[in-house]
Amino acid sequence: MPHIIVIGAGQAGASLTAKLRTLGFDGDITLIGEEPVPPYQRPPLSKGYLLGDMTRERLFLRPEEFYQNQNIALRLGAKVTAIDPTAKTVTMGDDVLAYDELALTTGSTPIHLPASIGGDQQGVHVVRTLADIDAMESEFIAGKNVLIVGGGYIGLEAAAVASKLGLNVTLVEMADRILQRVAAPETSDYFRALHTSHGVNIVEGVGLDRLSGDTRVTNAALTNGTTLPVDFVITGIGIRPATSLAESADLTLDNGINTDAHGRTSSPHIWAAGDCASFPYRATRIRLESVPNAIDQAEVVAENMLGADKTYIATPWFWSDQYDVKLQIAGLNTGYNNVVTREGDKDGAQSHWYYQDDTLLAVDAMNDARAYMIGKRLIEAGKSPAPDVISNPDTDLKALLK
Ligand SMILES: Cc1cc2nc3c(=O)[nH]c(=O)nc-3n(C[C@H](O)[C@H](O)[C@H](O)COP(=O)(O)OP(=O)(O)OC[C@H]3O[C@@H](n4cnc5c(N)ncnc54)[C@H](O)[C@@H]3O)c2cc1C
């Protein structure tokens with residue numbers, strides 16, 4: 001009986017193993033996860049779950065019985081420490097398991113503030129796992145001072161939750177503006193105004209110098225010379241693909257685990273998908289940190305593990321929820337040199353359309369599902385309406401799809 005092992009019981013691992021069964025694979029499947037809980041959704045960790053709007057049960061992608069019913073051996077609280085691609089085995093504690101095909105869906109790990117600037121103090125949190133949220137939940141008390149380090153989506157979502165719960169929120173961003181790495185100034189401006197209107201103190205172009213306190217963090221010194229009293233700190237300063245296993249097995253790395261267009265790594269019986277994997281995209285290679293990518297890539301890998309020869313063609317999209325604003329992003333804006341704004345019908349609805357010369361690359365749509373959907377379809381179809389057509393409020397967006 002062939003045995004497929006999947007290391008990493010997160011979004012991609014859950015999708016991959018479920019897809020194998022949907023495709024009719026009746027061999028053995030083992031899904032191994034370091035966390036003690038079955039695969040769950042991470043997006044609510046910085047949104048509804050953190051706010052207290054969503055129960056723990058609803059986070060789980062499938063009930064535990066699903067894995068039993070599908071004959072997927074779920075090994076939780078189990079860390080794989082080595083892979084031997086020649087012997088085709090993985091080591092997990094005292095167990096050595098043999099595989100016929102192996103997939104790495106190990107995700108990514110958050111970057112921690114260095115201990116040298118106080119990052120190891122009590123009261124300093126990251127937002128990646130359910131355990132991280134459990135550890136910080138009791139800190140969310142109205143009137144407390146929270147410092148958020150990093151103005152990317154995770155930091156901004158945490159700021160929105162903290163502000164909604166009545167905390168005093170300061171967010172520091174070392175770059176000139178929030179969202180600088182991922183969005184145009186127009187989108188940064190939109191979210192700065194939104195947060196400021198909810199009382200969040202956004203400090204840009206300023207870094208964290210150090211955190212201090214006796215038993216736990218009480219003060220934060222910023223690089224502009226100011227010191228803030230803090231009750232706790234949340235960091236959202238980026239993630240790194242979890243590649244250490246792949247590295248020790250001598251797999252090729254390149255901004256994550258290097259895979260070909262089919263999801264195969266440099267070792268013939270080892271595959272990778274999700275946050276940990278980089279793959280060919282148009283004329284370049286990319287790595288995406290998103291749920292849709294984890295699902296779609298994992299499903300293509302499942303097909304290819306069973307002998308299909310399917311190319312993974314990513315159609316990037318992402319979302320973020322902050323206060324009552326839903327941001328939806330279609331496409332990838334890398335290389336943009338022009339951005340046009342389109343006002344939506346509803347109050348606060350707006351979209352930013354990214355172009356590289358005449359080519360439409362991406363759309364950021366705030367409370368404008370229509371602009372998002374039409375933008376996504378245009379990008380996927382390779383259609384690029386002229387920028388002034390998009391910004392003209394009289395343009396019927398739907399007509400552009402014809
Ligand atoms: C707070 C937060 C909010 C987010 N919001 C959004 C959003 O709004 N929209 C969106 O599209 N995406 C969002 N994301 C990103 C999205 O959740 C990830 O891209 C997605 O979870 C990636 O799936 P994955 O399976 O690759 O990795 P993960 O879901 O991280 O799963 C990887 C698993 O592998 C396990 N693992 C690693 N190494 C080993 C080992 N050696 N042995 C055993 N197990 C191992 C890890 O413990 C982990 O459980 C968010 C992420 C976070 C943290």
Side-chain angles (χ1 to χ4, degrees), residues 5-18 30-51 59-61 74-83 90-93 95 97 102-111 125-133 136 150 152-158 160-161 182 234-236 238-249 256-257 259 263 272-279 287-299 301 314 316-322 326-330:
I5 296 185
V6 179
I7 306 175
Q11 183 70 66
S15 301
L16 202 163
T17 49
T30 305
L31 175 58
I32 306 171
E34 192 177 349
E35 293 180 64
V37 287
Y40 58 92
Q41 321 169 52
R42 295 191 197 282
L45 297 185
S46 51
K47 307 179 182 76
Y49 184 70
L50 187 60
L51 189 60
L59 285 179
F60 296 109
L61 291 167
L74 193 55
R75 304 281 298 260
L76 299 175
K79 181 174 178 155
V80 173
T81 49
I83 301 168
V90 303
T91 303
M92 195 179 64
D95 289 352
L97 306 182
L102 173 70
L104 298 176
T105 53
T106 47
S108 44
T109 47
I111 297 174
H125 302 275
V126 293
V127 193
R128 180 74 198 173
T129 65
L130 199 41
D132 293 334
I133 305 305
M136 77 172 84
Y153 290 119
I154 301 276
L156 289 170
E157 288 179 354
V161 169
V182 290
I234 298 175
T235 61
I239 56 178
R240 291 201 183 95
T243 55
S244 56
L245 264 184
E247 192 175 0
S248 57
I257 304 169
T259 68
D275 278 14
C276 66
S278 73
F279 58 90
R287 191 176 61 75
L288 295 174
E289 298 165 359
S290 75
V291 166
N293 174 66
I295 296 172
D296 296 348
Q297 197 178 16
E299 293 195 344
V301 165
W317 63 276
F318 189 78
W319 76 94
S320 174
D321 297 327
Q322 294 165 48
K326 178 170 262 322
L327 163 68
Q328 291 167 293
I329 304 170

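The model shown is predicted, which means the values in this text are computed figures rather than measured ones. Read the numbers this way: they start at 1 and go in the same order the structure lists the ligands and their atoms.
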Which heavy atom in T235 sits nearest to a heavy atom in I111, and how many Å separate them? OG1-O, 4.4 Å

Which residues pass the side-chain contact (heavy atoms from CB on, under 4.5 Å) test with Q41, sequence neighbours left out? P43, P44, M54, L61

L74 and P39 have their tightest heavy-atom pair at CD1-CD, 4.4 Å

How does W319 reach ligand 1, by side chain, by backbone, by both or by neither, if only non-hydrogen atoms under 4.0 Å count? both

Starting from atom 20 (C) of ligand 1, find the nearest protein heavy-atom neighbour and note its residue, name and distance. D275 OD1, 4.0 Å

Just which atoms of ligand 1 are under 4.0 Å from any heavy atom in G274? 26 (O)

If you measure from atom 27 (O) of ligand 1 to every heavy atom of A158, G107, A273, which option wins on shortest distance? G107

R240/E247 salt bridge by N-O under 4.0 Å criterion: no

Looking at atom 15 (C) of ligand 1, what's its closest protein heavy atom, distance included? E289 O, 4.0 Å

Any N or O of S320 closer than 3.5 Å to N or O of ligand 1: no

Is there a polar contact, in the sense of an N or O pair closer than 3.5 Å, between K79 and ligand 1? no

Who passes side-chain hydrogen bond (donor to acceptor under 3.5 Å, both in side chains) against D321, sequence neighbours left out? K326

Proximity to ligand 1 by part of A78, non-hydrogen separation under 4.0 Å: backbone

Within the distance-only criterion (no hydrogens, no angle test), does the side chain of Y40 pair as donor or acceptor with the backbone N or O of L130 below 3.5 angstrom? yes

Ignoring hydrogens, what is the shortest heavy-atom contact between G13 and V6? Give both atom names and the distance. CA-CG1, 3.8 Å

From the candidates A12, A82, P44, the one that places a heavy atom nearest atom 25 (O) of ligand 1: A12

Straight-line distance of Y153 OH to K47 NZ, nearest 0.5 Å: 11.0 Å

Check each atom of ligand 1 against the heavy atoms of L245 and keep those under 4.0 Å away; list them by number with element. 41 (N)

Would you kindly specify which portion of I154 sits under 4.0 Å from ligand 1, judged on non-hydrogen atoms: side chain, backbone, both or neither? side chain

Which atoms from ligand 1 have a heavy atom of P292 less than 4.0 Å away? 11 (O)

Closest to atom 48 (C) of ligand 1 by heavy-atom distance, out of Q11, E34, R42, is R42

Can a non-hydrogen atom of S244 be found less than 4.0 Å from any atom of ligand 1? no

Exactly one of L31, V90, T30 clears side-chain contact (heavy atoms from CB on, under 4.5 Å) with I7, and that residue is V90

Short N or O distance, R128 and ligand 1, threshold 3.5 Å exclusive: yes

Measure T129 to ligand 1 on non-hydrogen atoms and call it side chain, backbone, both or neither using the 4.0 Å cut-off. neither

If hydrogens are left out, which of T106, L130, I133, I239 has an atom nearest to atom 37 (C) of ligand 1, that is, the closest non-hydrogen atom? T106

Atoms in ligand 1 with a heavy atom of T105 nearer than 4.0 Å: 32 (C), 33 (C), 34 (O)

Between V80 and ligand 1, does any nitrogen or oxygen pair lie at a separation below 3.5 Å? yes

Non-hydrogen atom of A242 closer than 4.0 Å to ligand 1: no

Within 4.0 Å of some non-hydrogen atom of S290, the atoms of ligand 1 are 11 (O), 12 (N), 19 (O)

For V127, counting its heavy atoms only, list the atoms of ligand 1 lying under 4.0 Å from any of them. 1 (C), 53 (C)

Residue E35 vicinity, atoms of ligand 1 by number, heavy atom under 4.0 Å: 47 (O), 48 (C), 49 (O)

Under 4.0 Å, heavy-atom basis, I'd like to know which part of I7 is in contact with ligand 1: side chain, backbone, both or neither. side chain

Heavy atom of G33, distance to ligand 1 below 4.0 Å: yes

Under 3.5 Å between any N/O of V291 and any N/O of ligand 1: does that happen in this structure? yes

Return yes when K47 approaches ligand 1 closer than 4.0 angstrom through a heavy atom, no otherwise. yes

